Amino acid sequence: MTEDILYSIRNLTVEYRTRAGSVQAVDNVSLDIRRGEILGLVGESGCGKSTLGKALMRLHTGPARITNGELWFDGRDLMTLSDREMPDVRGAEIGMVFQDPMTSLNPVQKILDHLTETIHTHEPETSAAAARTRAEELVERLGIRRERLNEYPHQMSGGMRQRVMISLALALRAKLVIADEPTTSLDVIVEAKFLDLLRELQKEFGLTILLITHNIGVVAEVADRVAVMYAARMVEVGDVRDVFADPKHPYTQGLLRSVPNIKLDGGELYKMDGAPPSLLHPPKGCRFHPRCPFAMGICSVEEPSLDAVENDHLASCWLYRDVAVKQEARNG
Amino acid sequence: MSPIAIIALIIGIPSLLLLAYVFVRGSTGLRRYILTRIVLTLPMIFILATMVFFILRILPGDPVSSALGPKGTPEMIQSIRTQLGLNDPLIVQYGRFLWSMVTLRFGNSLVGGHRPIVDEMSERFPATLELIVPASILALLVGVYGGALAAAKRKRALDFSLRIYSVVIYSLPIFWFGLVLQLFFGVRLRWLPISGRIDAVIGTSLKTITNIYSLDALLTGNWPAFFSVLQHLILPTLTLGLILSGVFVRMTRINVIETMQADYIAAARARGIRERVLIYGHALKNAMIPVITLIGLQVAILLAGAVLTETVFSWPGMGSYLVERISARDYTAVQSVITVFAMLVALISLAVDVIYSLVDPRVRY
Amino acid sequence: MAKTKERPSEALPEGATWEVELKRIGFVRRILTARHWYGADWWFVTISTVAVVVFIIIALFPGLFAPYSPDALVGPSFLAPGASVDLPVLIVPQSSTVNKLQDLAVPESADRPTVAVEQGLPTAGALNEESQKIDEVIKNQPGGLRLRPIIDRYASLEETLQAVVDGKDKAAVVQTTEFNKVKAQFPTLREAAPVSGTAATAGGFLMGTNDIGQDVFSRLLWGTRIALIIGFSSSIISLLLGVPLGLLAGFAGGTFDRLLSLLMDSLYAFPGLILAIAITAVLGPSMFNIIVAISVLYIPTYYRIVRGQTLSVKEEVYIEAARSIGARQLEILRRYIFPNVIPSVAIIFSVNVADAILTGAGLSFLGLGLPPTLADWGIDVARGQRFIQTAWWMITFPGLAIMLVVLAFTLMGEGLMEIFNPKLRER
Ligand SMILES: Nc1ncnc2c1ncn2[C@@H]1O[C@H](COP(=O)(O)OP(=O)(O)OP(=O)(O)O)[C@@H](O)[C@H]1O
Ligand SMILES: [Mg+2]
């Protein structure tokens, strides 16, 4: 079954230039986001999830640079747009919800002004009254009383602010919403409510959501598909049920076993050995091989590509390549 | 009504109205904040004044004998000392000094016509005000705009030039900068006068009300006087204002750059808001909040600069009064002027804090 | 302290990577990397350091570089920079056989030659010096000739020359340009060789001369010494007082800290120059008093930064110290606080020297710090102010010198701040 693909990332590499050398925080990553799905992106802290999320909107400034790749969004390559054209896409077609709602709203701007400013930026012809009405309707749909629009961010609770962030992403009916750890700073009850809301919105508006998180539980709860990242590489992509039921990559296996509330073998809590590698000096070959319980000779030499292991289930691991392929890779 | 009283009204009434407004509209938190701030201002004035008092008393040197010079006989010195209360115990003198501060009656000057110091200051103070207000405005305009511009063009030629500007301006001796402006615009080009507040001839036609000449000229509709005052104001204002602007360029630039790294700027960028709006709208507004508090600290540069600027331009303000009285060894006047400067510092920093609380919604509510 | 505890496998917060990496690489490597990372700042530091060193060398040995002594009256007053000196020239009757000053020499027994000069000009000085020099030479030569001219002074140029025409004097010494102006009136006179005393030998002064004929350039070089003495000694005194006070307040905390901080904050907020004016006014003008006054002003600068850093380090250390064997206070001071505080203190010191020089110049400009004849930049600018209409160079050059020295120290401090202390950076 071929799905309708909204965003197709091809060979994306994002580099940070640091004082100690340059770091590829996203290294040659390809990923498809299908229209109308919730795709969960998981991985350890520092593996490059946020970097990937920002790169989808070409949001990087300062030390970061997209050094390679194509970003096919809704039929066009965003990499070919100029810096002047990019802002038209941001907010209007792709929205973003950041990790920390406490710091993601301008402290000296009223909530209402956040919304109307966004609307006016993309639709300058909208009247002030119309923009206001739209803002009010939107936030009420998200469960915020319209009077609260006149408040400043610091007067609201964390959950409330995160809803404001969502409303900002939805203000212009963005097709894709990138939510970067939207619930990390919320408590469990607020988090659950927020995730329900996300689900509802996705159905109601036909949204596509890229949900970045390091919380596997969250992915299990709301996502349709899941992508697993390790040390700047994509290691496994597939349907949530497939991946959780039968994780292919040893890293994914370890990741799932180390999560307490997912029943796999019913075994005791597992702790993966070792630490993620420094991205400044990543290991040769498969980046997971120093920690991998199944590491083979080839793993430290050659990097496996991300290929289909089963139907619609991709993994990048030598375990699933036949010997011939391995041999060929070793020689050539 | 004396000029100083009029000025007090001009500044005082709006400030009081503003305070009243803040109190009525603001939250309890804000009310408490401002009250605390007002209460905290008092010890600061007190400490500074005390410092001045003791510096002048404890350090060696006798004001009266040096004021009288060689012609003062010991009897004369003694009688004047008694008359001025300098023979009383230190603690009594200190008490009297504090009381004079509270009542703003500083006694008579030791030299010249022995006029009340308050009267002399009420001629000088408006002149200083007329200089430092436009200079601060100029400094802020240049500083904030320059700083934002530098931040916007970060690491490019303009940013580099503005950084050089701020360091070089900071390294200029203000008195020398004033003299160089005089040399160029006054002596070489002959465009602008190089000393005084108003043309001597035109000055006779000006009826003074507040002693702020530009204001008086406006109030009485005396246009020739007004233009003469403006002409005289240009060079001193440029001197003081530009020197001060260097610090502001620097502070604004740094704060805007820092603010540009904030999450909410990234979030706003992700909403498609253009870079220009991000810098001049969002970041600058937020950056101004810390900058405002830093402005409070620049009062020191402003006033020290005013003393030198006034001396260079023969500007009859508080600064040149201080220098004159020091040469004349009029310690009563010196002590009073420095105390007034201390009050000025404290009041300006209070004002800055109140403004701060109004600008930052996190304090406001 | 125990070894650094094992860190759990968490990644660094965003953007923190390089700072940690920076800590790992050594001190020297850091300077070298700095060159790569802070192109402009690195060059600022290099150039300004060189400038600072040059200024220090000049301050140590001004005599090596200055052509004249700062107090010597070496030329005519108000001579513009580079303008050549108007040479005094010997004027003799057309008929005279005299061609140079030496020709006026006579045997010891004879009447001494009389020479006319105009009153109040440096010509007389030049004549005197030159005659003495010639005398030194000829008195040891055979022939017994001596040159000890009697100098007749006249009120004006015309009278001076008339005296030669009338034969009252053998010759006259006048300025060349002056003579050229009135040449036509005295057809019987002619120009002989120039008379060059020290005053006249100089073929122009690099930065001109001041109102009493001192060399501006020499005074400027000598002024470096005073500026640097004031800058360094007052900064050192403030440092020696401010740092311990800051440590003390940061460590002790409580009421002591609060009181001291209130005092320091008041001092910090108050316009330094005004306070220094008050102090020097009471103490009286002297170099020492200026240094005392200025050093009082800058104590709070050190106090604040040291106290702040002490507080934050203390917090960090105490949390760890609770776990490890109780580290003693001194140990904490040596291992944690000093390494953190020293770089910032060094940077502040550099900026502080600049500030102190600026304040010192301000004081002496106001005529409040130093004896008015001293070769000091502030004093020289103040002196130039009186002649602003005629002698721009008297103001311009000493002021420029102040600016350059201050700039060198400021840039050095700021550049170092940028490179070494990411926390102080951009503040
Ligand atoms: N501004 C920066 N400068 C230099 N390196 C950076 C910067 N931001 C991130 N990095 C590096 O890039 C890598 C990926 O960072 P990223 O923020 O994308 O990770 P993440 O997966 O989102 O982690 P987290 O779960 O903590 O949010 C990290 O190793 C980090 O060290
Ligand atoms: Mg992240």
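The figures that follow rest on heavy atoms only: side chains count, while hydrogens, waters and symmetry mates do not. Just so you know, these numbers come straight off a predicted model, no measurement behind them. Residue numbers start from 1 in every chain, and the chains themselves are labelled A, B, ... in the order their sequence lines are given, proteins ahead of strands.
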Undergrad: Give a yes or no on whether the ring-centroid distance for F160(B) and F44(C) is below 6.0 angstrom.
TA: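 Aromatic pair counts; centres sit under 6.0 Å.
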
Undergrad: Distance under 6.0 Å and angle within 45° of the ring axis: does R250(B) meet both against Y170(B)?
TA: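 Judged by the rule (NZ or CZ under 6.0 Å from the ring centre, within 45° of its axis), R250(B) is not positioned above Y170(B).
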
Undergrad: Any chance the rings of F409(C) and F232(C) have centres within less than 6.0 Å?
TA: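 So the answer is yes for these two rings.
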
Undergrad: Of all of L179(B), V307(B), L303(B), which one pairs up most often with chain C through heavy atoms under 4.5 Å apart?
TA: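 Most heavy-atom pairs under 4.5 Å with chain C: L179(B).
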
Undergrad: Can you tell me which of I338(B), V299(B), V323(B) forms the most heavy-atom pairs within a distance under 4.5 Å of chain C?
TA: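 Of I338(B), V299(B), V323(B), I338(B) has the most heavy-atom pairs under 4.5 Å with chain C.
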
Undergrad: Looking at L183(B), V180(B), L302(B), which makes the most heavy-atom pairs under 4.5 Å with chain C?
TA: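 That would be L183(B).
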
Undergrad: Under 3.5 Å, is there a donor-acceptor pair between the D376(C) and S364(C) side chains?
TA: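 Judged by distance alone, the side chains do pair up.
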
Undergrad: Tell me whether E310(B) is salt-bridged to R124(B), with the criterion being a basic N under 4.0 Å from an acidic carboxylate O.
TA: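 R124(B) and E310(B): not salt-bridged.
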
Undergrad: Measuring from atom CZ of F217(C) to atom CE of M207(C), what distance do you get when rounded to the nearest 0.5 angstrom?
TA: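 Between F217(C) CZ and M207(C) CE, I get 5.5 Å after rounding to 0.5 Å.
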
Undergrad: Calculate, to the nearest 0.5 Å, the distance between atoms CG and CZ belonging to L235(B) and F185(B) respectively.
TA: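 Taking CG in L235(B) and CZ in F185(B), the distance rounds to 7.0 Å.
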
Undergrad: I need the residue from V312(B), I174(B), I301(B) with the largest number of non-hydrogen atom pairs under 4.5 Å to chain C.
TA: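 That would be V312(B).
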
Undergrad: Please look at V345(B) and chain C and tell me whether the side chain, the backbone, both or neither of the residue comes under 4.5 angstrom of a heavy atom of that chain.
TA: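 For V345(B), the side chain is the part near chain C, not the backbone.
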
Undergrad: Side chain from CB out, backbone as N, CA, C, O: work out which of these in A361(C) comes under 4.5 Å of a heavy atom of chain B, or both, or neither.
TA: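 It is both, since atoms from each part get that close.
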
Undergrad: Where on I47(B) is there a heavy atom nearer than 4.5 Å to chain C: the side chain, the backbone, both, or neither?
TA: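 Just the side chain, heavy atoms under 4.5 Å.
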
Undergrad: Is it the side chain or the backbone of T396(C) that comes within 4.5 Å of chain B heavy atoms, both, or neither?
TA: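 Both backbone and side chain.
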
Undergrad: Working to the nearest 0.5 Å, report the span between CG of L322(B) and CD1 of I277(C).
TA: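 One gets 5.0 Å once the value is rounded to the nearest 0.5 Å.
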
Undergrad: Let me know if L368(C) has heavy atoms under 4.5 Å from chain B in its side chain, its backbone, both or neither.
TA: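 L368(C) touches chain B through side-chain heavy atoms alone.
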
Undergrad: For the candidates I388(C), V381(C), T410(C), which exhibits the highest count of non-hydrogen atom pairs separated by less than 4.5 Å from chain B?
TA: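 If we count pairs closer than 4.5 Å to chain B, I388(C) comes out on top.
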
Undergrad: Less than 4.5 Å to any heavy atom of chain C: does that hold for the side chain of I348(B), its backbone, both, or neither?
TA: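 For I348(B), neither part sits under 4.5 Å from chain C.
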
Undergrad: Looking at A382(C), G367(C), A408(C), G362(C), which one has more heavy-atom pairs under 4.5 Å with chain B than the rest?
TA: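 Sorted descending by pairs with chain B, the first entry is G362(C).
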
Undergrad: Pick one of side chain, backbone, both or neither for F365(C), based on which atoms fall under 4.5 Å of a heavy atom in chain B.
TA: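 Only the side chain of F365(C) comes within 4.5 Å of chain B.
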
Undergrad: Give me the ring orientation class for F397(C) and W392(C): parallel if the planes are under 30° apart, tilted from 30 to 60°, perpendicular past 60°.
TA: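 Taking W392(C) first and then F397(C), their aromatic rings sit tilted (interplane angle of 30° to 60°).
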
